[in-house]
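Right, one structure below, let's go through it.
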Amino acid sequence: MNFFKSLKTAHIRIQHQSTESTHCWLIVGFVLSLLLVPQLALAASADGPETQARAALLEQLRSDVRGMQHVLGRDHLSPAVEQALATVPRHEFVPPDQRRDAYKDIPLPIGYGQTISQPLIVGIMTELLNLQPGDKVLEIGTGSGYQAAILAMLTDQVYSIEIIPPLHRRSTETLQRLGYTQVHTKLGDGYNGWPDAAPFDAIIVTAAGDHIPPPLIAQLKPGGRMVLPVGSRYSAQQLVLVLKDDAGRVQSRALMPVHFVPLTGGH
Ligand code: SAM
């Protein structure tokens, strides 16, 4: 009898304990949810729709460059260039009415008859520059500022020249607002380069002229690289890679057909 009584008491104690522990777990769960909800909200905003759209665009670019061994010398972009493309918020560099298309692999109008380049071309040109941290790079044609921001992810010495005053003002403001403060911008004719900041390890020109500007060749360091479209508005343009060797000898090679807005100015 005593045996059954003590069994019953033990059962009641266990029931009591398990109810207590259930309460305890409920309280722990409630406190944890209070602590975690703001963190989860933050994580969701860091992983917002633009981040996902950039990741999807990068996947597409990866598959596009797989067939570009003849242009890049390999079938993939370097991790640093991929990281830059996955990080820079392209939607912040386009006018509000173009934002919904910011992560399509197409050029988009930015006003004044100009465009922000196609992401695939931005990736290819950036890759061809082979930038190392600390390199000094010059861009001709700031446009929206997007390419300059990509360059700023790879080195802290970026110089960029734009010839259209409102585009110069807007891109400078965008780059500052987004924290790309290491980009030096200037209003002017990029055909003449930036003699005060020369020489450069790398030069990228994002508008097409019918020849390679001699001042830019002169401002390239020995061992430096320049990438630019060459051709006129009406004829086929080629993306050209210019290499200056350590002895100052210059070689250029046409890599692929491209289509850019014209290099304007007084030359
Ligand atoms: N890199 C730009 C971007 O990321 O948005 C795209 C540039 S858009 C294809 C070419 C730009 O080159 C235009 O903004 C145009 O005004 C500029 N441009 C044309 N001729 C120029 C010159 N001689 N000097 C400086 N900029 C020039």
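Atoms within each ligand, like the ligands themselves, are counted from 1 in listed order.
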Item to check | Heavy atoms of other groups near His259 NE2, more than 12 under 6.0 Å | outcome: no
Checklist entry - Can you check salt bridge (charged side-chain N to carboxylate O under 4.0 Å, His left out) on Lys186 and Glu162, steps first, answer last? => result CA-CA 6 Å; Lys186 182 165 104 162; Glu162 170 58 49; over 6 Å; no
Mark the output for [X] as yes if a heavy-atom distance to ligand 1 is under 4.0 Å, and as no if none is.
X: Gly188; result: yes
X: Thr142; result: yes
X: Pro262; result: yes

Distance-only N or O hit between ligand 1 and [X], under 3.5 Å:
X: Leu167; result: no
X: Glu139; result: yes
X: Gly190; result: yes

Checklist entry - Ion pair present between Glu173 and Arg170, side-chain N to carboxylate O less than 4.0 angstrom? => result no
Which of the numbered atoms in ligand 1 are under 4.0 angstrom from any heavy atom belonging to [X]?
X: Ser144; value: 3 (C), 4 (O), 5 (O)
X: Asp189; value: 22 (C), 23 (N), 24 (N)
X: Ile164; value: 16 (O)
X: Thr115; value: 6 (C), 7 (C), 8 (S), 9 (C)

Item to check | Option of least heavy-atom distance to atom 9 (C) of ligand 1 (set: Thr174, Leu263, Thr206, Val205) | outcome: Thr206
Item to check | Per atom 4 (O) of ligand 1, closest listed option by heavy atom (Gln118, Gln147, His259, Gln114) | outcome: Gln147
Please report which non-hydrogen protein atom sits nearest to [atom], along with the residue it belongs to and the distance in Å to one decimal place.
atom: atom 20 (N) of ligand 1; result: Thr264 N, 2.9 Å
atom: atom 16 (O) of ligand 1; result: Glu162 OE2, 2.6 Å
atom: atom 26 (N) of ligand 1; result: Ile163 N, 3.3 Å

Item to check | Ring geometry between Tyr146 and Phe93 (parallel below 30°, tilted from 30 to 60°, perpendicular above 60°) | outcome: perpendicular
Next on the checklist: Is it true that Ser144 and Gln114 share a donor-acceptor pair across their side chains at a distance under 3.5 Å?
Outcome noted: no
Checklist entry - With respect to Ser160, which candidate in Leu151, Thr142, Thr172 satisfies the side chain to side chain contact (heavy atoms under 4.5 Å, CB included) definition? => result Thr142
